[in-house]
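To keep things clear, I will list the structure first and then write my remarks on it.
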Amino acid sequence: MNNGGLLVAGTTSDAGKSVVTAGICRWLVRQGVKVAPFKAQNMSLNSFVTREGAEIGRAQAMQAQACRVEPTALMNPVLLKPGGEQSSQVVLLGKPVGELSARGYHGGRQQRLLGTVLDCLAELRGTYDAVICEGAGSPAEINLRRTDIVNMGIARNAGLPVLVVGDIDRGGVFASFFGTVALLSPEDQALVAGFLVNKFRGDVSLLEPGLDMLHGLTGRHTYGVLPFRHGLGIDEEDGLRVSLRGTVRESNTAPPVGADVLRVAVCAIPLMSNFTDVDALAAEPGVVVRFVDRPEELADADLVVIPGTRGTVRALEWLRERGLAEALRRRAAEGRPVLGICGGFQILGEHIEDEVESRKGAVDGLGVLPVRVRFAREKTLTRPVGEALGERVEGYEIHHGVSEVTGGEAFISDGKGHSLDGCRVGQTWGTHWHGSLESDGFRRAFLREVAAAAGRRFVPAPDTSFAALREEQLDRLGDLIEQHADTDALWRLIESGAPQGLPFIPPGAPA
């Protein structure tokens, strides 16, 4: 028999499903429950590589950390990585299996993946005491219900109770809760156990009459009202956020160690991926991170970061159209710090041969670093370890581009004089390694070099631990659930499923 489970759905995208899922996971593991996260299908450009070399959504990797378990491909069997307005790369069980249009995916491929998704969930439920699943978008997207494998489709097939999260800060939460239930079929409605209000500001007693009326209208309880807290987003699936920045600014009130702050400008290139790389910079007291899209905004930056992207050639075109390409070239020539990560590293090179991602063939890069890149059909997915600036570095690689470095200095080496990745020319650095800035010693050494080159009297704090800050953030999510949700009722839901006899709310899903 399968162990306990729960599906956390939302009235909308960005209602707080990822955060609530992580919070429930951390609360459960603190109670001694062996728990795992699961998201059947994820659409995100922020991904992570597991130890076995599988690519999954970063949100699921962070939820696994909330569970204090190692992330695996089972936790996110289907990952969609948008490559434009019309198509996405489909990553199945951690490996890319091709590009599909939205019509092609929803037109048949998605439904064929249901068996794989259910097998993964069943394996997790057979291993863990509880599996906390995250839905996607809204379960009431009636145009997609027939092929759904991530919301009610999986809840129905796996017999999971459903908790619907609503963001009250957006407004309209009561209508969203009622309408979500009323647009589901009788069979789907029977699994929707109740609601969870997210991001509430003010006196909860003023909300209670509405919650009572909602119960009267739907026959379903509200399992908690979570207060608004800044900086609680774990690694985001979409949007443009420095996901740890708010937390760090709230929890670390110490002023900069040195006399100056360090200003970091991140180029907001199209199809930006793994922009969470800069969270570790924002975690440092005195480092100010902002996203920019105009050349004038580079003028006062002490460091410019070109992040990863799912469209290297498209990002290059965008940089040229906006005048940012010339500003970056000029900056590098002046010896002012620039860092390119993954796609950003490729952009800084001399030449790109791409018959895989953009299919544009031969394209000139910015010519700042002596690197030539050829896009291979096979994707590199690794978790390497090396040394840079005299410090240990850990990272993860997710890229089709294969680089040939023809000059400059090695950036990351094996500690014995052999280059592992990237290169450096003057104050311009490039690497394929995501997550390298999370290595505390390396990050401090890198920021000291940047500060010296920029002429800033900035000094990295000697004791900032990015891993400890992330743990603190996950504990705060667990605290939110423990302090503001009906945890006894939540556990009964996870253990026993949706209550029997929940009323049907008309009109239900259209025939």
Side-chain angles (χ1 to χ4, degrees), residues 264-275 277-278 291-376 380 388 397 399-413 419-434 436 446 449-450 453-454:
V264 179
V266 184
C267 295
I269 55 180
L271 297 173
M272 184 164 45
S273 61
N274 287 61
F275 55 82
D277 281 333
V278 299
F291 288 86
V292 303
D293 60 4
R294 298 193 308 183
E296 306 85 62
E297 296 175 291
L298 304 187
D300 67 343
D302 302 308
L303 169 67
V304 174
V305 177
I306 311 173
T309 172
R310 249 281 281 161
T312 300
V313 171
R314 180 177 166 189
L316 254 171
E317 292 169 351
W318 182 88
L319 289 168
R320 288 184 169 119
E321 288 164 4
R322 290 184 167 254
L324 281 160
E326 188 53 45
L328 286 165
R329 270 196 293 263
R330 190 165 55 247
R331 182 184 179 88
E334 292 169 356
R336 302 180 66 200
V338 177
L339 171 65
I341 302 174
C342 200
F345 170 39
Q346 297 166 4
I347 284 167
L348 289 171
E350 297 170 342
H351 184 78
I352 295 169
E353 192 72 36
D354 181 12
E355 298 292 351
V356 176
E357 196 175 73
S358 69
R359 299 188 176 92
K360 290 285 183 74
V363 177
D364 288 333
L366 297 188
V368 175
L369 291 177
V371 177
R372 300 177 72 83
V373 177
R374 176 185 56 81
F375 275 70
T380 298
E397 294 185 70
H399 54 91
H400 284 279
V402 178
S403 61
E404 179 192 358
V405 179
T406 59
E409 303 173 48
F411 187 10
I412 301 176
S413 72
S419 177
L420 291 180
D421 181 75
C423 75
R424 171 185 182 177
V425 173
Q427 297 302 321
T428 301
W429 296 266
T431 176
H432 273 124
W433 291 19
H434 293 293
S436 60
F446 177 68
E449 291 238 0
V450 168

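In this text, all values refer to a predicted model and were calculated from it rather than measured experimentally.
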### Query
Would a distance-only check, ignoring hydrogens and angles, find a side-chain to backbone donor-acceptor pair under 3.5 Å from Arg372 to Glu350?
no

### Message
With a 3.5 Å distance limit and no angle check, can you tell me whether Thr309 reaches the backbone of Pro270 through a side-chain donor-acceptor pair?
### Response
yes

### Message
Given 3.5 Å as the limit, does a donor-acceptor pair link the side chain of Glu357 with the main chain of Thr312, or not?
### Response
yes

### Query
Between Phe375 and His400, is the gap from one ring center to the other below 6.0 Å?
no

### Message
Could you check whether any side-chain heavy atom of Asp277 comes within less than 4.5 Å of a side-chain heavy atom of Pro307, counting everything from C-beta outward?
### Response
no

### Message
Donor-acceptor check, side chain of Arg336 to backbone of Ala299, threshold 3.5 angstrom: yes or no?
### Response
yes

## Note on the structure
Nearest heavy-atom contact between Pro295 and Gly323 is CB-O, 3.8 Å

### Task
Search all heavy atoms of Leu298 against all heavy atoms of Arg331 and return the closest pair with its distance.
O-NH1, 3.3 Å

### Message
Using side chain to side chain contact (heavy atoms under 4.5 Å, CB included), reason through Thr380 and His432 one step at a time and then give a plain yes or no.
### Response
CA-CA 10 Å; Thr380 298; His432 273 124; over 6 Å; no

## Note on the structure
Closest non-hydrogen atoms of Val373 and Gly401, given as atom of the first, atom of the second and distance, are CG1-CA, 3.8 Å

### Task
Measure the acute angle between the ring planes of Phe446 and Phe411, then classify it against the limits of 30° and 60° as parallel, tilted or perpendicular.
tilted

### Query
Between Arg424 (side chain) and Gly426 (backbone), is there a donor-acceptor pair under 3.5 Å?
yes

#### Entry: Step-by-step side chain to side chain contact (heavy atoms under 4.5 Å, CB included) determination, Lys360 to Asp354
CA-CA 6 Å; Lys360 290 285 183 74; Asp354 181 12; 5.5 Å; no

### Query
What is the distance from atom CG of Leu324 to atom CD of Glu296, rounded to the nearest 0.5 Å?
8.5 Å

#### Entry: Residues Arg329 and Glu326 bridged, charged N to O under 4.0 Å
yes

### Task
Rounded to the nearest 0.5 Å, what's the gap from SG on Cys342 to CH2 on Trp433? Could you check?
13.0 Å

### Query
Could you give the distance from CG (Leu328) to CD1 (Ile347), rounded to the nearest 0.5 Å?
9.0 Å

### Query
Looking at CG of Leu348 and CD1 of Ile341, how far apart are the two atoms once the value is rounded to the nearest 0.5 Å?
10.5 Å

#### Entry: Any side-chain heavy-atom pair of Val371 and Phe345 under 4.5 Å
yes

### Message
Rounded to the nearest 0.5 Å, what separates atom CG in Leu316 from atom CG in Asp364?
### Response
9.0 Å

### Summary
Here the pair of heavy atoms bringing Gly422 nearest to Val405 is O-CG2, 4.1 Å

### Shortest non-hydrogen contact from Ser413 toward Leu420
O-CD1, 3.3 Å

### Message
Using the side chain to side chain contact (heavy atoms under 4.5 Å, CB included) definition, which of the options Val305, Val450, Ile412 pairs with Trp429?
### Response
Val450

### Query
Side chain of Thr428, backbone of Val338: donor and acceptor closer than 3.5 Å?
no

### Shortest non-hydrogen contact between His434 and Ser273, atoms and distance
CE1-O, 4.5 Å

